[in-house]
Amino acid sequence: MALIFMILKTDKSLIFFTFVFCKYNKSHTKIIPMSKGLTKRADDYSQWYNELVLKTGLAEHSDVRGCMVIKPYGFAIWELMKEELDKRFKETGHVNAYFPLFIPKSYLSKEAAHVEGFAKECAVVTHYRLKTAPDGKSVVVDPEAKLEEELIIRPTSETIIWNTYRNWIQSYRDLPLLINQWANVVRWEIRTRLFLRTAEFLWQEGHTAHSSNTEAIEEAERMLDVYAEFAEKFMAMPVIKGLKSVNERFAGAVETYCIEALMQDGKALQAGTSHFLGQNFAKAFDVKFADKEGNEEYVWATSWGVSTRLMGALIMTHSDDEGLVLPPKLAPFQCVIIPFFFKDEEINSKLMAKAKEIANELRQAGIRVQIDDDDTKRPGFKFAEYELKGYPTRIVIGPRDLENGTVEIARRDTKEKSSFSNENLSETISTMLADIEKELRNRALKYREENTSVVESFEEFKQVLEQKGGFLVANWDGSAETEEKIKEETGATIRCIPLEDNLPSGPCIYTGKEAKHKVVFARAY
RNA sequence: AGGGGUGUAGCGCAGUCCGGUAGCGCACCUGGUUUGGGACCAGGGGGUCGCAGGUUCGAAUCCUGUCACCCCUACCA
């Protein structure tokens with residue numbers, strides 16, 4: 001295999017084109033050439049991410065500041081996530097409901113820490129009507145239509161939901177109340193990034209009410225497990241389950257649980273959170289129940305959520321310099337069939353017939369498959385396109401394959417392609433999809449292991465953070481001051497206190513005092 | 001929120017310093033030739049130069065304001 005690099009100098013940047021000439025090796029597997037046009041991760045990770053999201057048609061910026069348009073391909077992935085998560089919520093006894101987008105301003109301030117946490121990023125509705133402007137062309141806010149009480153567009157729904165739960169809960173018999181909602185929320189962010197941070201985003205928020213402390217904690221932990229299992233089984237993304245430090249805790253929570261994932265640039269991403277809310281919201285909204293003995297007691301609460309941010313996590317966990325790499329369970333199409341058309345109409349119709357036959361076989365086996373019969377684009381173009389979009393597998397069938405009873409199958413994760421018999425393709429593809437998923441999971445796990453460093457001193461901490469990044473496991477004295485100082489000096493924060501294996505193995509790396517926990521530090525999104 | 005940068009055709013950009021009929025590549029349309037990894041040739045269509053004011057005989061270009069996006073810090077899921 002020969003590599004030729006061409007470097008073109010333009011005014012502002014260097015553009016690298018890479019051509020890879022392919023030959024069959026002994027196993028008749030060849031390596032797919034690299035795509036062109038996409039910024040390489042090593043050159044500029046942020047730019048790579050932005051270009052990838054735009055070029056693959058996952059999402060784009062709308063004209064509304066900070067708000068994105070999730071395009072059909074991106075939304076298809078989100079729908080697959082939703083479908084699976086929803087199934088898992090139902091399996092753990094939850095039901096869906098829907099609460100208002102608007103929250104009376106006064107509700108938000110009933111829980112002190114909560115309002116403190118969200119006040120700075122709330123969108124506020126002040127009027128309910130427009131009228132034609134004096135110029136007769138534009139419209140203006142009608143000053144006479146001012147709301148008595150302003151409405152906040154929900155940044156999260158604890159307040160409106162707990163205000164509602166007050167009417168729903170009287171006795172222990174009404175508990176537990178296990179409700180989830182799929183919704184949009186708005187947090188007026190200054191700096192935005194597609195999927196990772198937008199002013200409006202989609203999510204699910206579970207809000208549960210319980211008759212005891214322990215039951216609520218169990219619920220918070222149960223839902224954290226649901227998230228962790230979803231991340232690992234469905235997204236092929238390894239996560240660390242842990243507790244947030246006081247600084248990072250959700251506004252209004254007694255304890256915040258989280259799953260933390262490591263992205264390919266060495267930064268951490270919080271992929272999901274689950275909160276034990278204690279009786280904070282019950283007290284703020286006066287939600288009491290009568291226990292079996294007839295005593296009145298405040299209700300215990302949890303809330304938990306994952307958002308479209310998972311899309312960002314998915315992209316940054318698996319994708320490469322050629323584009324998106326989707327784990328099969330989240331690929332809108334797991335296989336694309338491309339008939340290699342020539343000028344001969346008769347051969348083309350045979351190719352098409354075979355492609356349909358194969359597609360039917362795969363569909364019967366439950367594989368999501370698409371045929372690309374567009375004859376205005378050449379196959380090479382399509383190959384590059386589907387690689388960019390991260391289709392896990394691709395079947396190409398040409399005249400030669402018809403004669404030989406074969407197809408060519410390419411897999412996205414390893415970029416290999418080889419010839420296979422066209423018999424029993426559903427099994428071939430199913431096996432390959434399972435293998436791809438395993439490969440992606442192993443690869444991501446290996447990356448995390450290689451980029452998790454146990455550090456013994458603050459010097460080592462700074463050095464590893466600077467040179468390598470990733471997760472840094474270190475002993476911490478448990479104080480918010482120490483955490484804050486480390487953050488100021490290095491930019492790294494405590495991602496979590498792991499649920500497993502958090503016993504300190506020595507003194508605090510910063511203060512040298514007795515350590516309380518062994519925690520995971522990282523720079524984070 | 002602070003610092004830096006960018007807005008010109010669907011996408012990527014040149015033109016802006018030094019004002020004078022808006023250009024290039026890709027994409028698109030038509031015709032032809034091609035075809036096992038992003039085809040080639042010929043012809044064609046498309047832009048109130050982010051938006052709003054101002055200066056000027058004349059503004060993509062100069063001035064003022066404003067909006068959006070990107071990068072680095074700060075904040076969050």
Side-chain angles (χ1 to χ4, degrees), chain A residues 8 10-13 15 17 19-22 24 30-37 44-47 49-51 54-55 60-68 117-118 120-121 155-156 185-199 201-205 244 247-251 256 258-260 269-275 303-313 322 338-344 347-348 351 375-388 394 396-402 404 406-408 410 415 417 419 487-488 491 493 523-525:
Chain A
L8 295 183
T10 65
D11 281 358
K12 285 172 187 163
S13 62
I15 299 172
F17 288 105
F19 297 96
V20 183
F21 294 96
C22 302
Y24 279 99
K30 49 182 179 177
I31 303 297
I32 298 164
M34 298 181 190
S35 71
K36 61 180 180 186
D44 188 337
Y45 194 82
S46 295
Q47 198 182 337
Y49 177 84
N50 290 331
E51 281 180 13
L54 295 172
K55 287 190 177 181
E60 65 186 33
H61 293 282
S62 72
D63 283 350
V64 185
R65 182 202 178 97
C67 295
M68 67 177 164
F118 287 105
K120 288 168 296 193
E121 48 187 13
T156 179
V185 286
V186 168
R187 296 181 187 175
W188 210 260
E189 299 287 347
I190 306 294
R191 288 284 310 118
T192 62
R193 283 193 79 186
L194 292 168
F195 289 121
L196 297 173
R197 186 180 308 120
T198 45
F201 58 92
L202 305 183
W203 78 347
Q204 67 50 225
E205 47 181 325
K244 282 295 186 192
N247 287 350
E248 303 275 326
R249 194 179 283 163
F250 174 74
T256 289
C258 64
I259 51 172
E260 292 285 329
L269 185 89
Q270 179 174 307
T273 51
S274 180
H275 316 290
S303 69
W304 29 272
V306 294
S307 71
T308 37
R309 191 178 226 200
L310 283 178
M311 296 287 295
E322 281 74 57
I338 301 177
F340 207 114
F341 291 137
F342 285 79
K343 195 136 200 189
D344 190 321
I347 291 176
N348 287 353
L351 289 172
D375 58 5
T376 66
K377 292 196 172 62
R378 303 184 75 227
F381 180 87
K382 295 181 184 177
F383 299 167
E385 200 66 13
Y386 290 112
E387 279 154 22
L388 180 69
R394 176 181 74 233
V396 176
I397 174 163
R400 233 155 47 207
D401 293 306
L402 278 187
N404 302 337
T406 58
V407 294
E408 180 191 78
K415 305 181 192 90
K417 61 180 185 183
S419 211
K487 184 180 175 184
E488 277 170 24
T493 50
R523 290 206 175 112
Y525 275 96

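Throughout, protein chains are lettered first and strands after them, A, B, ... in sequence-line order, and every chain is numbered starting at 1. We use all heavy atoms of the structure for the numbers below, so side chains are in, but hydrogens, waters and symmetry mates are not.
- Between the P atom of B/G37 and the CZ atom of A/Phe342 lies a distance of 9 Å, rounded to the nearest Å.
- No N or O donor and acceptor, one from the side chain of A/Glu408 and one from the base of B/G37, sit under 3.5 Å apart.
- Between the CD1 atom of A/Ile338 and the OH atom of A/Tyr386 there is a distance of 6.0 Å, given to the nearest 0.5 Å.
- With a 6.0 Å cutoff to the six-membered ring centre and a 45° limit on the axis angle, A/Arg197 does not count as a cation-pi contact of A/Tyr525.
- Nucleic acid contact class of A/Gln47 (heavy atoms, under 4.0 Å, all strands): none.
- Residue-level contact check: A/Thr192 touches the backbone only, with heavy atoms under 4.0 Å from sugar-phosphate atoms and none from bases.
- Note on A/Lys244: nothing from the nucleic acid sits closer than 4.0 angstrom, heavy atoms only.
- Under 4.0 angstrom from either OP1 or OP2 of B/C76 there lies no side-chain N or O belonging to A/Ser307.
- Residue A/Thr198 is classed as a base contact, given a heavy-atom separation below 4.0 Å to a base.
- If you check distances only, the side chain of A/Arg394 does reach the base of B/G37 with a donor-acceptor pair under 3.5 Å.
- When each of A/Pro399 and A/Thr308 is assigned the nucleotide of RNA chain B with its nearest heavy atom, A/Pro399 is the one assigned upstream, toward the 5' end.
- Of all the heavy atoms in A/Thr406 and A/Ser419, the pair that sits closest is CB-OG, 3.8 Å.
- Between B/A74 and A/Lys120, no contact under 4.0 Å exists linking OP1 or OP2 to a side-chain N or O.
- By the neighbour-count criterion of 12 heavy atoms within 6.0 Å, atom CH2 of A/Trp203 is densely surrounded, having more than that number from other residues, nucleotides or ligands.
- Closest to the A/Val396 side chain, of the nucleotides B/C69, B/G36, B/C76, is B/G36.
- For B/C76, the OP1/OP2 oxygens have no side-chain nitrogen or oxygen of A/Arg187 closer than 4.0 Å.
- Nucleotide B/G23 forms a Watson-Crick or G-U wobble pair with B/C13, both donor-acceptor distances falling under 3.5 Å.
- Taking side-chain N and O atoms only, A/Asn50 has no distance below 4.0 Å to OP1 or OP2 of B/C69.
- Between A/Lys343 and the phosphate of B/U33, there is a side-chain N or O to OP1/OP2 separation shorter than 4.0 Å.
- Residue contacts shown for A/Leu196 include a base, since a base heavy atom lies under 4.0 Å away.
- The side chain of A/Arg197 contributes no N or O atom lying less than 4.0 Å from OP1 or OP2 of B/C76.
- Residue A/Arg378 has its side chain nearest to B/U35 when only B/C70, B/C75, B/U35 are considered.
- Within 4.0 Å (heavy atoms only), A/Gly312 reaches no atom of the nucleic acid at all.
- Among the heavy atoms of the strands lying under 4.0 Å from A/Phe201 is at least one base atom, whether or not backbone atoms are also near.
- A salt bridge between A/Glu387 and A/Lys415 is absent, with no side-chain N of the basic residue lying under 4.0 Å from a carboxylate O of the acidic one.
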